[in-house]
Trainee: 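Once you've had a glance at the structure underneath, I'll fire off some questions.
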Amino acid sequence: MTAIALLQRMLLIRRMEERLGEVVKSGELPGSVHLYIGQEAVAVGVCSNLTRDDWIASTHRGHGHFLAKGGDPHAMIAEIFGRATGICHGKGGSMHVADFSQGILGANGIVGGGIGLAVGAALAAQLDGQGRVSVVFFGDGGANQGVVMEAINVAVLWKLPLLLVCENNGFSEFSTTSSVTAGEIAARAIPYGAHSAVVDGNDVQAVHATAAEALARARTGAGPTLIEARTYRWRGHVETEKSFLSGEYRTEAEIASWVERDPIAHVRAQLIADGVPSERVETVQRDIEALVRQAYAQAMADPLPAESTAFDDMFA
Ligand SMILES: Cc1ncc(C[n+]2csc(CCOP(=O)(O)OP(=O)(O)O)c2C)c(N)n1
């Protein structure tokens, strides 16, 4: 993927999420959402190495992963608004956006819930023998779920084509990572004999390169890798958190210091330094803005599911 394409995908996530933040604030969307703003380089850096046939499993903060893997922006936003045209017919919502046809096993409301799914997909990929891989994204809070250790253990033993991507964004809800997480997350792979790496999660090229190495190993039967991508969550744990939190759990200065390290500004600056004309970059931005406007307008005009479909798509 070219640097322009990386920028495009990151901008798509950013603009989709910014608009979502606005509609939550205006009360147009009941409930709340977990925004991915600030972490775009992780999803895009990893997914830019994947084909449609590869699998990803995601988290409660899953819109960025869905879009980075090639999920349809309109179908995602229609899903979040409970429309019949949503990717899960309006029955899944923000925390369950999934599209198996794009290799997206879904966002997941259970912290660490994607990990077992991704191990299963990795085993299926290995049995299929087509060279597919399976990637799971989880947070630093998710890293403390026991299933991470179970996944690494079995993936090393069976040489599964699995990549575990921990997005260490500094917080698990309102607790700092350092107050609930012992040691270095990436190091947890080492006793099992898995590969591991720490990467700057705000540098899309660095994430892309680190994931490329890990995925090349996975595709050739050399087993799993755990990547810890260090980044920062710009927005609240949920968009509505100010309505129920009694105090602050971080400072404005801390947030500002990370906004200065904006992953999108970083890649934009790199493009300009490499001689890409600024008009080209502006065109990319304008096109993304038009696409996002269109996705929202269409979703808002779409119908809600018919009552008669309430029991469709149920297994039991
Ligand atoms: C099994 C489980 N335990 C607790 C929760 C409540 N919960 C939702 S998000 C979250 C924090 C997750 O933090 P992290 O994994 O670091 O992801 P981030 O929100 O930072 O992206 C918690 C504890 C849950 N959804 N599932």
Side-chain angles (χ1 to χ4, degrees), residues 10 13-14 16-17 20-21 24 31-47 56-69 80 92-98 105-119 135-152 163-189 198-199 201-202 207 226-245 248-250 254-255 258-259 263:
M10 290 168 75
I13 299 171
R14 175 73 57 90
M16 289 289 287
E17 293 275 85
L20 203 45
V24 168
S32 199
V33 288
H34 306 85
L35 297 186
Y36 192 64
I37 295 176
Q39 299 179 216
E40 298 90 346
V42 183
V44 173
V46 172
C47 291
I56 65 162
S58 166
T59 70
H60 55 286
R61 201 175 300 289
H63 311 148
H65 307 130
F66 180 91
L67 294 170
K69 184 63 169 53
I80 294 172
S94 161
M95 279 192 278
H96 302 99
V97 286
L105 290 169
N108 205 309
I110 310 294
V111 171
I115 296 164
L117 301 182
V119 172
V135 177
V136 59
F137 295 94
F138 54 98
D140 44 282
N144 294 330
Q145 294 288 57
V147 67
V148 177
M149 299 297 117
E150 296 176 50
I152 297 173
L163 172 59
L164 301 111
V165 180
C166 176
E167 298 187 57
N168 184 346
N169 64 7
F171 300 95
S172 175
E173 289 193 335
F174 316 109
S175 305
T176 55
T177 307
S178 57
S179 69
V180 290
T181 301
E184 187 180 78
I185 292 167
R188 294 179 183 185
V198 175
V199 68
N202 281 30
V207 175
L226 168 63
I227 294 177
E228 178 186 347
R230 298 206 177 140
T231 179
Y232 192 80
R233 159 163 73 65
W234 289 17
R235 305 290 279 254
H237 168 63
V238 284
E239 277 304 277
T240 48
E241 69 183 29
K242 288 230 182 329
S243 66
F244 60 81
L245 281 181
E248 302 292 339
Y249 60 94
R250 56 182 177 172
E254 180 182 290
I255 299 170
W258 280 89
V259 170

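Atoms within each ligand, like the ligands themselves, are counted from 1 in listed order.
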Trainee: Partners of H60 by ring pair (Phe, Tyr, Trp, His ring centres under 6.0 Å), sequence neighbours excluded?
Mentor: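 H60 satisfies ring pair (Phe, Tyr, Trp, His ring centres under 6.0 Å) with H34, H237 only.
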Trainee: How long is the gap from CD on E40 to NE2 on H65, to the nearest 0.5 Å?
Mentor: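 E40 CD to H65 NE2: 10.5 Å, rounded to 0.5 Å.
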Trainee: Show the numbers, then the answer: is there a side chain to side chain donor-acceptor pair (under 3.5 Å) between T231 and N169?
Mentor: CA-CA 5 Å; T231 179; N169 64 7; over 6 Å; no
Trainee: Which parts of the protein, at residue level, reach under 4.0 Å of ligand 1 through a heavy atom?
Mentor: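 Its neighbours under 4.0 Å (heavy atoms only) are H60, R61, G109, I110, V111, G139, D140, G141, G142, Q145, N169, F171, S172, E173, H237, given by chain and number.
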Trainee: Taking the side chain as every heavy atom from C-beta outward, state whether I37 and R14 have any pair of such atoms under 4.5 Å apart.
Mentor: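 Sidechains of R14 and I37: in contact.
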Trainee: With sequence neighbours left out, write down each residue that passes ring pair (Phe, Tyr, Trp, His ring centres under 6.0 Å) with F66, or none if nothing qualifies.
Mentor: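 Scan of F66 (ring pair (Phe, Tyr, Trp, His ring centres under 6.0 Å), adjacent residues dropped) gives none.
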Trainee: Check side-chain contact (heavy atoms from CB on, under 4.5 Å) between S175 and all other residues, then give those that pass, not counting sequence neighbours.
Mentor: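 Result, side-chain contact (heavy atoms from CB on, under 4.5 Å) vs S175: S179, V180.
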